[in-house]
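Taking it in order: structure first as structure tokens, then the write-up.
For ligands, and for the atoms within them, numbers begin at 1 and follow the listed sequence.
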Amino acid sequence: MSKLWQKTTNVDKLVENFTVGRDRELDNQMAAFDVLGSLAHTTMLQSIGLMESDDLALVQKELKSIYADIINGDFEIQEGVEDVHSQVEMLLTQRIGDAGKKIHSGRSRNDQVLVDLKLFFRHQLKEVVESVQKLFTLLLELSEKHKEVLLPGYTHLQVAMPSSFGLWFGAYAESLVDDLEMVLAAWKITNKNPLGSAAGYGSSFPLNRTLTTQLLGFDSLNYNVVYAQMGRGKTERIIAQALSTIAATIAKMAMDQCLYLSQNFAFVSYPENLTTGSSIMPHKKNPDVWEIMRGKCNRLQALPNDVAMMTTNLPSGYHRELQLLKELLFPAFTDIQDCLSMAAFMLQNVTVNTNILDDPKYSYLFSVEEVNRAVLNGTPFRDAYKKIGLDIEQGNFNPDKNINHTHEGSIGNLLNEQISASMNKVLISFDFNKVEEAIAKLVG
Ligand code: ARG
């Protein structure tokens, strides 16, 4: 099959396969967004007199029908077709003839892939935000539910001070708030329209980039056409940073889970059908879900580096290896979504051990409590510290296990409402509604 750019010569098959790579498979995920880009571009072409109204009507009707096919799963990039941009233009031309050949005025595939990726990433980021929000809500519920249940706190992995399930679950909830601040930064940078940079240097046609910005629901545009093209790689790197921030939170939580599930800790448990067995040891109930999650999330933390290694020192302008970034970013969204939903699924079924601190090995958790009690009764801190230290050495340490932590963010004063309010503040900064409305109008 011939290429959009083919004049006379057939490109070598080996070269074709090597350069097309995994585009046919990965571009499928961008297909709906490619059509949205074309709907906006053609509306704009008509508005500046580069497309007749009749042609526009024909083109848009067909684009909308292709869009519906994509949404219904009835779309594929055929063997021999280079990428999604070629597939859509080819379908249009097959179905409506010459009008289809007019849509590419004033743009380039470099331009198309830029806008497709921004729209695709925007969509994916929205889904990530929604999944983070679900996990956040669950974690805060668990924090409230188990706020009275104490847990050993560790420093150096040595028994340190009393903690609680209220603190533990709430900590991960609050971590997700800051992670969403990173996602918000990624969202803001993604939500700017690159369309109109053409091959990377603009066009001699009087393109109306403000119009396509509005039609696609972008917040603003990448003004400078060279910078718009430079956004390829940069956008990916920033998104990778945001995803890896969430991944770090999940990986840490997964590690805690593996530790707390171990018989040596036995702080939490899960129904047997959520654990996995061993082929040799009949007693095993392994935390494989958390381990796979830890691995996927640790791998995601390498993503910013992978993107940076591939794009560092590329000069400005388009380069074909930018195409390979899709191989890094697209599966990353699947991984983070799987991890977020599995974390929520597991946590819905967690049981916490309510008697952990009855075990005498945790008595020393209360050493600081005893010191503080003596301080409140008038003993200077250093003297109290010494006395309790000696009691411990001489085997005379019998702590009172009632604790009274009242300051902000401590066991007895979790401030979960404030954590919830800070989450809501981040969430309202994502202007999802504006985007949804624009897209609905474009395909309506
Ligand atoms: N598949 C290409 C990419 O992702 C599309 C742009 C092709 N542009 C070009 N000049 N060959 O980058």
Worked verdict on L329 versus F121 for side chain to side chain contact (heavy atoms under 4.5 Å, CB included):
CA-CA 9 Å; L329 267 288; F121 291 148; 4.0 Å; yes
Mode of R232 contact toward ligand 1 - side chain, backbone, both, neither (heavy atoms, under 4.0 Å):
side chain
Taking distance alone, with no angle check, do Q323 and ligand 1 share an N/O pair under 3.5 Å?
yes
Out of D27, T19, N110, who gets a non-hydrogen atom closest to atom 10 (N) of ligand 1?
N110
Pi-cation contact, F218 with R122 (under 6.0 Å, within 45°)
yes
Atoms of ligand 1 under 4.0 Å from any heavy atom of V113, numbered from 1 in the order shown, are 4 (O)
Quick one: which ligand 1 atoms are inside 4.0 Å of a heavy atom on D23?
1 (N), 2 (C)
Could you grab the distance from atom CG of L36 to atom CG of L63, nearest 0.5 Å is fine?
9.5 Å
If you have a sec, work out which protein heavy atom is nearest atom 3 (C) of ligand 1 and how many Å separate them, to one decimal?
Y318 OH, 3.3 Å
Separation between NZ (K102) and CD1 (I96), nearest 0.5 Å, reads 9.5 Å
Which bit of K326 is near ligand 1, meaning a heavy atom under 4.0 Å away: side chain, backbone, both or neither?
side chain
Take the angle between the ring planes of F165 and H146 and call it parallel below 30°, perpendicular above 60°, tilted in between.
perpendicular
Taking atom types as modelled, is there a side-chain donor on K118 or N222 under 3.5 Å from an acceptor on the other?
yes
